[in-house]
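Presented below is the structure to which this report refers.
Numbering of residues begins at 1 and proceeds along the displayed sequence. Order of appearance sets the numbers: ligands from 1, and atoms from 1 within every ligand. Quick caveat, the model's predicted, so the values are computed rather than measured.
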Amino acid sequence: MGGSGILASQLGQQLARRGHEVHFVSYGPPFRLDPATPNVTFHPVRINEYDLFRYPDYTLPLSVALADVSREHRIDLIHAHYAVPHAVAAYLARQMLGAAAPRLITTLHGTDTTLMGKDPSYRPVVRHAIAASDAVTAVSAFLRDETKEIFDIDRPIDVVHNFFSPVAPKRSRAAVRASLGIREDEVVALHMSNLRSGKRIEDLLRVVAEVKRRDRLRLLVLAGGDFTPFRALVENLGIARRVTVVGAVPDVEDYLHASDLGLYTSESESFGLSILEGMFHGHPILATRAGGVPEVVVDGETGFLFAPGDIDGFAGRLQEMVEAPERFRDLGTRARARAEALFSAERIVGQYLEVYRRVLGGAGDAGASAGGA
Ligand code: GMT
């Protein structure tokens with residue numbers, strides 16, 4: 001349900017539409033993958049919970065599934081999203097396949113570097129998977145630079161930003177707002193995430209509570225995680241009627257279309273795919289200046305950026321937007337134009353295809369030194 005799964009599903013579907021044969025190998029069908037897409041096949045990984053293992057293992061059955069699918073369908077390349085466990089499993093699959101093994105491209109989405117890269121029990125294996133890939137891509141320049149520094153590697157890493165391909169909403173803006181009990185004069189701030197601690201949901205709620213005219217504000221949360229732990233804070237802040245939480249929905253367009261701006265208080269974010277989804281719908285964005293977000297949102301042009309934890313900064317701008325939403329329409333228009341110019345499927349899928357062709361046409365980047373070990 002996270003951005004990486006959405007990105008991988010979109011990429012696979014876009015490639016399939018261009019005539020490539022795409023096989024998804026995973027423990028479950030990706031959330032936003034349309035299984036009826038021609039040229040797309042989903043292969044589930046069977047996980048056994050043998051009682052001789054204290055913990056269930058996913059990496060080894062995944063490596064066997066990757067080897068089987070590669071052999072049976074004569075796969076040219078494996079595109080692993082995340083080094084751990086996917087690129088590591090692909091590495092094992094390649095060892096099993098020998099000379100017939102497909103090429104390996106690894107896309108880093110964030111936590112491989114920002115979390116695992118700092119954990120001594122993971123760092124060496126992530127570093128190895130990065131070094132053993134024929135090409136490595138990162139979803140922002142920020143993540144590329146962090147990866148090189150944290151793993152002390154100097155191999156090339158291509159920056160291929162996230163993309164989004166908007167589809168038309170199924171329901172009208174008015175119908176969605178009415179179904180959520182949102183009045184016409186309310187400004188709707190949308191937040192879509194898995195609610196992990198790094199998203200700083202407490203900050204999000206405090207920002208809403210700080211807005212003076214919050215009677216005209218609604219925070220709409222599309223929750224890809226459990227919102228229950230935040231209910232007490234919502235009550236304590238007295239904002240229960242200002243916050244509407246909807247569980248994970250595949251038809252995000254309906255909710256994007258019904259909202260007016262994006263609100264993101266993350267501590268760290270390598271890109272922020274949900275921010276981009278909002279931009280495609282003409283939303284001005286209020287977000288933290290975290291990680292790769294400034295590559296997506298231009299401060300003062302397509303939204304406003306704040307330091308993580310700057311509740312007053314966020315609330316001040318939100319207050320202005322609630323009082324006079326028309327003054328911020330230009331920001332949303334520029335946000336959409338930027339999204340279409342830089343982060344369209346046409347542009348970004350083309351960049352991935354270039355990496356694929358480079359790797360299939362030659363030896364890839366694997367010869368590049370991984371510095372040190
Ligand atoms: O942010 C999360 O917790 C989810 C995570 C994921 O695996 O989907 O998101 C990461 O990958 C997305 C797609 O590339 C990026 O847009 C997110 O910024 C990135 N999250 C972090 O870096 C924390």
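Close approach of ligand 1 to Gly2 is summarised as follows: ligand atoms under 4.0 Å from at least one heavy atom of the residue are 8 (O). Annotation for ligand 1: atoms under 4.0 Å from non-hydrogen atoms of Lys199 are 1 (O), 2 (C), 3 (O). For ligand 1 and Asn194, the ligand atoms under 4.0 Å from any heavy atom of the residue are 2 (C), 3 (O), 4 (C). Listed by number with element, the atoms of ligand 1 under 4.0 Å from a non-hydrogen atom of Tyr82 are 5 (C), 6 (C), 7 (O), 10 (C). Listed by number with element, the atoms of ligand 1 under 4.0 Å from a non-hydrogen atom of Phe271 are 16 (O), 18 (O).
In terms of N/O distances under 3.5 Å, ligand 1 is not approached by Thr111. Annotation: Leu273 places an N or O atom under 3.5 Å from an N or O atom of ligand 1; distance criterion only. Checking only distances, Gly3 does come within under 3.5 Å of ligand 1, N or O to N or O. Looking at Ser268 next to ligand 1, no N or O pair under 3.5 Å apart turns up. The N/O atoms of Gly272, backbone and side chain alike, include one that comes under 3.5 Å of an N/O atom in ligand 1. Inclusion of Val139 in the set of residues having an N or O under 3.5 Å from an N or O of ligand 1 is not warranted.
Formation of a donor-acceptor pair under 3.5 Å by the Arg183 side chain with backbone atoms of Arg177 is not found in this model. Without hydrogens or angle criteria, Gln10 side chain to Phe163 main chain gives a donor-acceptor distance under 3.5 Å.
Side-chain contact, Thr107 with His109: no donor N or O sits under 3.5 Å from an acceptor N or O. A donor-acceptor contact under 3.5 angstrom links the side chains of Gln319 and Glu323, judged on distance only. No side-chain donor from either of His20 and Tyr356 sits under 3.5 Å from a side-chain acceptor of the other.
Under a 4.0 Å N-O distance rule, the pair Arg357/Glu354 does not qualify as a salt bridge. Ion pairing of Glu253 with Arg173 is absent here, as no side-chain N (NZ or NE/NH1/NH2) approaches a carboxylate O to less than 4.0 Å.
Between Tyr58 and His86, the two ring planes are perpendicular [angle over 60°; tilted spans 30° to 60°]. Ring-plane geometry between His281 and Phe164 is classed as tilted, the angle between the planes lying from 30 to 60 degrees on a 0 to 90 degree scale.
With a heavy-atom cut-off of 4.0 Å, His109 touches ligand 1 through backbone and side chain alike. Within the 4.0 Å heavy-atom criterion, the part of Asn162 lying near ligand 1 is the side chain and not the backbone.
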